[in-house]
Amino acid sequence: QVQLVESGGGSVQAGGSLRLSCAASGYIGSSKCMSWFRQAPGKEREGVIFIYTFGGSSVQYADSVKGRFTISLDNAKNTIFLQMNSLKPEDTAMYYCAAVSTWDTRCKSDPAWYKHWGQGTQVTVSS
């Protein structure tokens, strides 16, 4: 059984940084997408950043976070990280890690495509 556990959320001032972690246990698949989503109150869940891994990796970014957020993967620890810099108040949301086994090298931004989800970690950015 796959479990995803996020950590690292918190409160920061605008312009600050946070690093989120998502530790995966259980077997997702050798070829997979692991992604970060976020959901603000009253808004739909949106994809933020996506990483496809099979041997190497490829990354896709939502336009809203390009140049500010990066994703990295520690294969040995089965963990992905979301480094968030230059945070803005509009980045305030619950952040979720999601994963799906796939041979599609282009990760999808549709939350319904993902099979496994974490419980979320709150990020609050004050102005």
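Sorted by first and then second residue, the disulfide (SG to SG under 2.5 Å) pairs involving residues 65-102 (not counting sequence neighbours) are C22-C97.
Heavy-atom minimum distance, A14 versus S127: CB-CA, 4.3 Å. Residues S58 and T105 approach most closely at OG-O, 3.8 Å, considering heavy atoms. Closest heavy-atom contact between I28 and V100: CG2-C, 4.1 Å. When all heavy atoms of T92 and A40 are compared, the closest pair comes out as O-CB, 3.7 Å.
R68 pairs by the salt bridge (charged side-chain N to carboxylate O under 4.0 Å, His left out) definition with D91, not counting sequence neighbours. In this structure E90 satisfies the salt bridge (charged side-chain N to carboxylate O under 4.0 Å, His left out) test with no other residue, sequence neighbours excluded. For D104, the salt bridge (charged side-chain N to carboxylate O under 4.0 Å, His left out) partners are K108, not counting sequence neighbours. Residues meeting the side chain to side chain donor-acceptor pair (under 3.5 Å) test with Q3, sequence neighbours left out: none. Checked against salt bridge (charged side-chain N to carboxylate O under 4.0 Å, His left out), D110 has no partners two or more places apart in sequence or in another chain.
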Query - Stepwise side chain to side chain contact (heavy atoms under 4.5 Å, CB included) check, C33 with F50 - result: CA-CA 7 Å; C33 282; F50 316 87; 5.9 Å; no
Requested in this report: Given side chain to side chain contact (heavy atoms under 4.5 Å, CB included), test V123 with L20 step by step and report yes or no.
Outcome: CA-CA 9 Å; V123 171; L20 307 184; 4.1 Å; yes
Requested in this report: Could you check Y95 against M84 for side chain to side chain contact (heavy atoms under 4.5 Å, CB included), going step by step and ending with a plain yes or no?
Outcome: CA-CA 11 Å; Y95 282 71; M84 305 185 293; 3.8 Å; yes
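Taking the six-membered ring where the residue is Trp, the centroids of F69 and W36 are separated by 6.0 Å or more.
Between the OG1 atom of T53 and the CG atom of N75 there is a distance of 6.5 Å, given to the nearest 0.5 Å. Taking CZ of R19 as the start and OG1 of T70 as the end, the distance is 9.0 Å to the nearest 0.5 Å. Separation of atoms OH (Y52) and SG (C107) is listed at 8.5 Å; rounding is to 0.5 Å. The CD1 atom of I49 sits 5.0 Å away from atom CD1 of I71, with the distance rounded to the nearest 0.5 Å. In this structure, CG in D74 is found 5.5 Å from CZ in F81, a value given to the nearest 0.5 Å.
Note: W117 and F37 have tilted aromatic rings, judged against thresholds of 30 and 60 degrees for the angle between ring planes.
At a threshold of 4.5 Å between non-hydrogen side-chain atoms, the residues S30 and Y27 count as touching. A 4.5 Å side-chain heavy-atom check between R38 and V65 finds at least one atom pair inside the cut-off. Two residues are said to be in side-chain contact when any heavy atoms from C-beta on lie closer than 4.5 Å; E44 and Q39 fail this criterion. Side-chain contact check for L73 versus I51: some heavy-atom pair is nearer than 4.5 Å.
With hydrogens and angles disregarded, a donor-acceptor distance shorter than 3.5 Å links the side chain of T121 to the backbone of G9. The main-chain N or O of K32 is never found under 3.5 Å from a side-chain atom of S101 such that the two would form a donor-acceptor pair. The main-chain N or O of A24 is found under 3.5 Å from a side-chain atom of N78 such that the two form a donor-acceptor pair. The backbone N or O of Q119 lies less than 3.5 Å from a partner atom in the side chain of E6, making a donor-acceptor pair. A distance-only check finds a donor-acceptor pair linking the side chain of T79 to the backbone of K77 [under 3.5 Å].
In this structure, R45 is positioned above the aromatic face of Y96, its NZ or CZ under 6.0 Å from the six-membered ring centre and within 45° of the axis.
A continuous path of Ile, Leu, Val, Met, Phe, Trp and Tyr side chains, each step under 4.5 Å between heavy atoms, connects L82 with V12, placing both in one hydrophobic cluster.
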